[in-house]
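Numbers for residues simply follow the sequence, beginning at 1. Because only heavy atoms are used, hydrogens play no part in the values below, and waters and symmetry mates are left out as well, while side chains stay in.
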Amino acid sequence: MTSKDSGSLATGSHPRAAGGFPNLPETAILDPGFDSTALIPAPESSNEIPVTTANELERESLPWYKRPSPAWVLVGTFFAAISIAATLAPRVEVYIKLVCQEIRPEYEAFDLVPRSGGVMDWPSNLGTVTIPRPSPKCQADPEVQQAAASIGALITTIMGALSCLTAGWWGKVSIITL
């Protein structure tokens with residue numbers, strides 16, 4: 001090789017000749033099909049003992065019902081679904097009653113004597129408070145149904161927006177440090 005071959009692999013301008021790739025075999029430079037992953041060192045032995053932190057040991061000593069688990073989310077979801085389903089029909093009747101009093105007051109007869117068996121009955125200092133059921137005319141009126149559905153959608157939207165806005169704060173509050 002002469003000094004005229006300055007672009008050649010055998011000259012001093014090549015990175016291997018300058019010490020640029022000391023661990024690379026010469027065939028890797030010349031062969032484009034060379035597998036370069038064979039040069040990656042093998043990982044250390046996998047017989048290492050896993051490190052257990054003090055928090056993990058403390059959590060393992062807790063009873064099963066105090067340990068954090070995704071199962072608790074399922075339990076909470078079940079009870080939330082039951083409570084929402086149990087209160088859905090009375091809420092819809094209250095919405096219809098409120099809308100009917102506003103849109104179609106002629107459908108509702110005003111009773112001076114409270115009757116039992118309404119949407120909600122609860123005792124108070126003044127006696128039993130009763131919200132009577134809406135009349136069948138109110139329940140069948142499409143305009144009342146539309147307004148009641150709008151109220152329900154508005155309340156659900158507000159609840160969802162507040163949930164999104166406060167979820168981060170609730171998540172931060174719920175972090176348990178042992």
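- In this structure, the separation between NZ on Lys97 and CD on Glu102 is 13.5 Å, given to the nearest 0.5 Å.
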Side chains of residues 159-172: which donor-acceptor pairs under 3.5 Å do they make with residues two or more places apart or in other chains?
{"from": "Ser163", "atom 1": "OG", "to": "Met159", "atom 2": "O", "distance (Å)": "2.9"}
{"from": "Thr166", "atom 1": "OG1", "to": "Leu162", "atom 2": "O", "distance (Å)": "2.7"}

Which pairs would a plain distance check flag for residues 70-89, meaning a side-chain donor or acceptor within less than 3.5 Å of a matching protein atom at least two apart in sequence or in another chain?
{"from": "Trp72", "atom 1": "NE1", "to": "Arg67", "atom 2": "O", "distance (Å)": "3.2"}
{"from": "Thr77", "atom 1": "OG1", "to": "Val73", "atom 2": "O", "distance (Å)": "2.7"}
{"from": "Ser83", "atom 1": "OG", "to": "Phe79", "atom 2": "O", "distance (Å)": "3.3"}
{"from": "Ser83", "atom 1": "OG", "to": "Ala80", "atom 2": "O", "distance (Å)": "2.9"}
{"from": "Thr87", "atom 1": "OG1", "to": "Ser83", "atom 2": "O", "distance (Å)": "3.0"}
{"from": "Thr87", "atom 1": "OG1", "to": "Ile84", "atom 2": "O", "distance (Å)": "3.3"}
{"from": "Thr87", "atom 1": "OG1", "to": "Arg91", "atom 2": "NH2", "distance (Å)": "3.4"}

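- Put simply, Ile151 and Ile103 are part of the same group of oily side chains (I, L, V, M, F, W, Y) that touch within less than 4.5 Å, one to the next.
- Applying the salt bridge (charged side-chain N to carboxylate O under 4.0 Å, His left out) test to residues at least two apart or on different chains, the pairs with a partner in residues 139-168 are Arg104-Asp141, Arg104-Glu143.
- Contact detail for Ile96 and Ala148: the closest heavy-atom pair is CG1-CB, 3.9 Å.
- Residues forming a side-chain contact (heavy atoms from CB on, under 4.5 Å) with Pro63 (at least two apart in sequence, or on another chain): Tyr65, Lys66.
- Looking only at side-chain heavy atoms (C-beta outward), Pro134 and Glu93 come within less than 4.5 Å of each other.
- Val99 and Val92 fall within the same hydrophobic cluster, where Ile, Leu, Val, Met, Phe, Trp and Tyr residues are linked whenever their side-chain heavy atoms come under 4.5 Å apart, directly or through other members.
- Applying the side chain to side chain donor-acceptor pair (under 3.5 Å) test to Gln146 and every residue at least two apart in sequence or in another chain returns nothing.
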